[in-house]
Number of protein chains: 2
Amino acid sequence: MRIGELAARAGTTTRTLRYYETRGLLPARRTGNGYRTYDEDDLRLLRQIRTLQDFGFDLEETRPFVECLRAGHPEGDSCPASLVVYRRKLAELDALIEQLSSVRAQVGAQLARAEAAVLGGPEPKCELGGHG
Amino acid sequence: MRIGELAARAGTTTRTLRYYETRGLLPARRTGNGYRTYDEDDLRLLRQIRTLQDFGFDLEETRPFVECLRAGHPEGDSCPASLVVYRRKLAELDALIEQLSSVRAQVGAQLARAEAAVLGGPEPKCELGGHG
DNA sequence: GTAGGCCTTGACCCGGACGTCAAGGCAAGA
DNA sequence: TCTTGCCTTGACGTCCGGGTCAAGGCCTAC
C-alpha cells in the first residue's frame, strides 16, 4: 500500500509517516516512480508506535519495540530492551504523579486560604500554622 | 535597581526579565541612558510570577496575580480572577493526574504480561527465556 | 585613556512532533 | 486532453520559556 492508505489505516497523517522515516523508525521501500510502499507488517509496526505514543512515550522510546517486532518477535515487548523502557517509564510516571499531587495539594491550600481571606478579611497571612 | 540586580535577587536571569517585559508582564521604567530600572514592588511581582511558574503555571496564567498585586491588593490571589485560575489549574491537575494514573496502570499491566511471557510463555521463534 | 563590568537591541538556537505551504511528478477517469 | 487526486522533496512555522552570541553604548576605576 502507499503512504496515504497506511496513514488512513493507522489513523495518522502522511506527514507523520515521512517524519518517522527521517528518524529511521519506519523506513519505506520504493516503487519505480519513487512512491513509498508499505505492507501489513509496516502497519503493525506503526500501530505499535502509535500505541506507545498515546501512552506518552516519546519517539525514541518506541524504537526498541519496533526493532523487536522487526526482528521477528511476536510482540514489541518480547525483548529485554523493551522491558527496560517499560520500567523506566513506570518510574517516570510515578515520579511525575507524585510531583503533580504535591503541587495539587499546595495549589488547593492556596485556594482555600485565598477564599477564606475574601470571606473573613485579611487575617491569616501564612499558609501554614494559623494563629489568632 | 537595575536588571542584573533584580535578576540576582529573584534567582533568575536578565534574559528572563527581558522576556517578561516583551510579554507585557513586567514592564520596566528607564533611566536617562536607557537602562531598565526596578523597585522593591517589581521584585515582589517577580517573586509571585516565579512561585506560580514553579507550580507549573504558564506565563499567561500568572498575569491575573501580577495585575492583582499591581492594583494594590495584599496578595496576588486576593482577586477573583486569580481564584478562577487556581480552580482551573486544580481541574487540569486532577484530570492530568487521573490520566497519568490510568496510563501507569496500563503500562504496569503490559510489563507484567510481557515479563510473564518471557518466563513461561509461547515463544517459538526465539529463545529469550534463558532457562528453556 | 583604557580596561572591565554592566547595560542595550537584535537575531538565531533549543527540543518534539509534527502542520503547512510550494512547486512539481505520476496515474487514472471522462 | 484535461482534471482530479495522490505522490515527491524541501523548507519554513508552531508552541514555550527562555539560552546564547554579537556588536556596541555607558560608567567607573586606575
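A, B, ... follow the sequence lines: proteins, then strands. Residue 1 opens every chain.
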- Query: dA17(C) C1' sits how many Å from L17(A) CG, rounded?
  - Reply: 13 Å
- Under a 4.5 Å side-chain heavy-atom rule over Ile, Leu, Val, Met, Phe, Trp and Tyr, are L6(B) and L69(B) clustered together? yes
- Note on the structure: Within residues 3-11 of chain A, the residues having a heavy atom closer than 4.0 Å to DNA chain C are none
- Note on the structure: Y19(A) atom OH is separated from dG15(C) atom P, nearest whole Å, by 11 Å
- Begin from the C-alpha positions of L52(B) and E61(B) and carry the test side chain to side chain contact (heavy atoms under 4.5 Å, CB included) through to its verdict. CA-CA 8 Å; L52(B) 293 174; E61(B) 289 177 322; over 6 Å; no
- How long is the line joining CZ of R18(B) and P of dG17(D), in whole Å? 19 Å
- Mind calculating the distance between CD (E61(B)) and P (dC16(D)) to the nearest angstrom? 10 Å
- Query: Between dG19(C) atom C1' and Y20(A) atom OH, what is the distance in whole Å?
  - Reply: 14 Å
- Query: When the distance from CZ of R15(B) to P of dT9(C) is rounded to whole Å, what number comes out?
  - Reply: 11 Å
- Apply side chain to side chain contact (heavy atoms under 4.5 Å, CB included) to the pair Y19(A) and L59(A), showing each step before the final yes or no. CA-CA 11 Å; Y19(A) 177 67; L59(A) 267 190; 3.4 Å; yes
- By a strict heavy-atom criterion of less than 4.0 Å, which residues belonging to residues 21-39 of chain A are in contact with DNA chain C? N33(A), Y35(A)
- Message: Under 4.0 Å from OP1 or OP2 of dC7(C): is there any side-chain N or O of T14(B) that close?
- Response: no
Pairs: protein N or O with nucleotides 2-4 of chain C N or O, under 3.5 Å:
none

- Query: Is any side-chain nitrogen or oxygen of Q53(A) closer than 4.0 Å to OP1 or OP2 of dC18(C)?
  - Reply: yes
- Query: Do D54(B) side-chain atoms and T51(B) backbone N/O form a donor-acceptor pair below 3.5 Å?
  - Reply: no
- Ignoring backbone atoms, establish whether T16(B) has a side-chain N or O less than 4.0 Å from OP1 or OP2 of dG17(D). no
- Message: Would a single hydrophobic cluster contain both L90(A) and L100(A), if residues Ile, Leu, Val, Met, Phe, Trp and Tyr are joined by side-chain heavy-atom contacts under 4.5 Å?
- Response: yes
- Would you check, one step at a time, whether the test side-chain hydrogen bond (donor to acceptor under 3.5 Å, both in side chains) holds for Q106(A) with S102(A)? CA-CA 6 Å; Q106(A) 293 181 68; S102(A) 168; 3.2 Å; yes
- Rounded to the Å, how far apart are D58(B) CG and dG17(D) C1'? 10 Å
- Item | Separation of atom CZ in R2(B) from atom P in dT8(C), rounded to whole Å | 9 Å
